[in-house]
Amino acid sequence: MGPDQIISLVIIGIIIIAIAVLFTFIPVMLWISALAAGVKVSIFTLVGMRLRRVVPARVINPLIKAHKAGINVNTNQLESHYLAGGNVDRVVNALIAAQRANIELSFERAAAIDLAGRDVLQAVQMSVNPKVIETPFIAGIAMDGIEVKAKARITVRANIDRLVGGAGEDTVIARVGEGVVSTIGSSEAHTAVLENPDSISHNVLNRGLDAGTAFEILSIDIADVDIGKNIGAILQTDQAEADKNIAQAKAEERRAMAVAQEQEMVARVQEMRAKVVEAEADVPLALAEALRSGNMGVMDYMNYKNIDADTDMRDSIGKLSEDDSDDE
């Protein structure tokens with residue numbers, strides 16, 4: 001193989017490598033597809049996307065789809081939304097769905113909804129096909145003290161204008177629950193709620209609960225109504241039990257005071273007895289002092305002893321009589 005042939009093979013190899021690199025870096029097939037679909041995109045625009053680290057297919061394919069649907073968007077809008085972290089394909093699908101449903105939706109609003117973290121395509125679909133939100137059992141207490149439980153089904157439609165910054169489903173459920181509890185609580189008897197459950201839906205629907213939310217409430221239907229506990233009777237029973245406990249505590253307090261007073265009287269009696277014993281102990285000393293001083297003679301002392309003995313005898317006879325009476 002001569003030098004000329006080697007040089008020719010090298011040149012052919014370089015050309016093949018250059019073509020491979022060109023087709024790898026420049027999406028020629030995507031450019032051809034865009035031209036075939038009637039979308040005018042220059043090859044330099046695709047190269048610029050590569051340099052800006054934008055996947056050209058993520059922009060060109062939605063652009064072709066929008067062009068075929070008659071939606072006026074350009075590559076700069078789609079590319080800027082892609083660079084902002086949005087889902088270009090979903091935004092374009094939402095625009096097509098809104099156009100088919102005669103819903104006014106601009107690209108800027110759809111892009112803002114998508115960047116806000118909401119599914120703009122689902123929002124458009126919900127505007128066409130309303131969604132039903134079912135609440136759990138909501139318990140309220142009527143004026144007669146009976147607990148009434150109600151389950152509601154809320155039919156909502158997405159409000160495109162309030163989708164950015166509007167409250168979600170949890171807020172709608174909470175507001176409906178508050179309205180149900182308020183309506184049941186204002187009923188004079190639980191039977192009125194059971195007879196006319198639609199009164200709950202009418203009262204709640206007239207409150208304008210969808211204000212500030214991303215939805216428009218179409219209807220509120222009461223799916224189920226059930227009777228709960230007799231809260232009024234339970235509260236009265238608890239109150240009676242509390243009153244009984246208070247009365248028992250006060251009675252125990254009075255009993256404790258009586259016992260303390262009784263013990264105090266016993267102590268006082270013992271104290272008085274001690275004083276009597278002390279006084280009696282002073283009598284012999286006084287007699288001895290009277291004998292020594294001559295204020296009392298021997299005969300006087302003997303008379304005192306006789307009187308004391310008679311007193312003891314009478315006490316003994318009295319105790320025997322009391323014992324005989326007890327035995328009979």
Side-chain angles (χ1 to χ4, degrees), residues 30 33-34 37-41 45-46 48-49 52-135 152-179 204-205 207-220:
L30 187 62
S33 298
V39 178
K40 296 181 180 180
V41 180
T45 302
L46 299 178
M49 290 182 185
R52 288 187 292 272
R53 295 184 179 181
V54 175
V55 180
R58 298 288 181 88
V59 176
I60 300 303
N61 288 332
L63 182 63
I64 295 173
K65 191 188 304 183
H67 178 74
K68 289 297 182 180
I71 298 174
N72 186 19
V73 292
N74 54 51
T75 56
N76 290 331
Q77 290 175 318
L78 300 181
E79 189 176 351
S80 63
H81 185 65
Y82 177 85
L83 290 174
N87 192 322
V88 178
D89 191 63
R90 186 163 54 194
V91 170
V92 171
N93 289 337
L95 292 174
I96 296 173
Q99 184 189 46
R100 296 291 187 270
N102 292 325
I103 298 175
E104 185 178 354
L105 180 63
S106 62
F107 176 81
E108 288 75 13
R109 181 172 293 277
I113 294 172
D114 184 63
L115 292 177
R118 295 186 180 271
D119 192 336
V120 61
L121 179 59
Q122 183 182 6
V124 173
Q125 292 173 349
M126 192 182 299
S127 298
V128 179
N129 185 19
K131 180 181 180 181
V132 177
I133 303 173
E134 184 170 329
T135 66
R153 287 193 177 95
I154 313 166
T155 304
V156 296
R157 179 173 58 193
N159 192 327
I160 301 297
D161 295 333
R162 295 201 302 257
L163 204 59
V164 178
E169 295 182 9
D170 294 337
T171 301
V172 174
I173 294 175
R175 290 181 179 180
V176 171
E178 180 183 357
V204 175
L205 193 60
R207 291 172 178 262
L209 302 180
D210 54 0
T213 65
F215 304 99
E216 178 185 355
I217 298 178
L218 301 179
S219 66
I220 299 176

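FYI, the numbering just counts along the sequence from 1.
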Sequence neighbours left out, what passes salt bridge (charged side-chain N to carboxylate O under 4.0 Å, His left out) with [X]? Give chain and number order.
{"X": "K68", "answer": "none"}
{"X": "R153", "answer": "E134"}
{"X": "R175", "answer": "none"}
{"X": "R53", "answer": "none"}

Please check this pair: side chain of S127 against backbone of A158, looking for a donor-acceptor N/O pair closer than 3.5 Å.
yes
Just by distance, do the side chain of N129 and the backbone of Q125 share a donor-acceptor pair under 3.5 Å?
no
L46/I60 under side chain to side chain contact (heavy atoms under 4.5 Å, CB included): CA gap, chis, key distance, verdict
CA-CA 9 Å; L46 299 178; I60 300 303; 3.8 Å; yes
Residues forming a side chain to side chain donor-acceptor pair (under 3.5 Å) with [X], sequence neighbours excluded:
{"X": "E178", "result": "none"}
{"X": "E79", "result": "R52"}
{"X": "T171", "result": "none"}
{"X": "E216", "result": "R157"}

Is there side-chain contact between [X] and [Y], with at least one heavy-atom pair below 4.5 Å?
{"X": "F215", "Y": "K131", "answer": "no"}
{"X": "I103", "Y": "V128", "answer": "yes"}
{"X": "V41", "Y": "L63", "answer": "yes"}

Under the side chain to side chain contact (heavy atoms under 4.5 Å, CB included) criterion, do L78 and R58 qualify, and how do the steps go?
CA-CA 9 Å; L78 300 181; R58 298 288 181 88; over 6 Å; no
List in chain and number order the residues that pass side chain to side chain contact (heavy atoms under 4.5 Å, CB included) with [X], two or more places apart in sequence or in another chain; answer none if no residue qualifies.
{"X": "N87", "answer": "D89, R90, D114"}
{"X": "A110", "answer": "V91, L95, L105, V120"}
{"X": "E108", "answer": "Q77, S106"}
{"X": "A69", "answer": "I71, I96, Q99, R100"}

Considering non-hydrogen atoms only, spot the tightest contact between [X] and [Y] and give its length.
{"X": "L218", "Y": "P130", "value": "CD1-CG, 3.7 Å"}
{"X": "G179", "Y": "V204", "value": "C-CG2, 3.6 Å"}
{"X": "V176", "Y": "A152", "value": "CG1-CB, 4.5 Å"}
{"X": "A97", "Y": "L121", "value": "CB-CD1, 4.2 Å"}
{"X": "V54", "Y": "L83", "value": "CG2-CD2, 3.4 Å"}
{"X": "T75", "Y": "M49", "value": "CB-CE, 4.3 Å"}

Rounded distance [0.5 Å steps], CZ in R118 versus CD1 in I160
10.5 Å
What is the distance from atom CG of N159 to atom CD1 of I217, rounded to the nearest 0.5 Å?
11.5 Å
Audit row: N93, V124, side chain to side chain contact (heavy atoms under 4.5 Å, CB included) steps and yes/no:
CA-CA 10 Å; N93 289 337; V124 173; over 6 Å; no
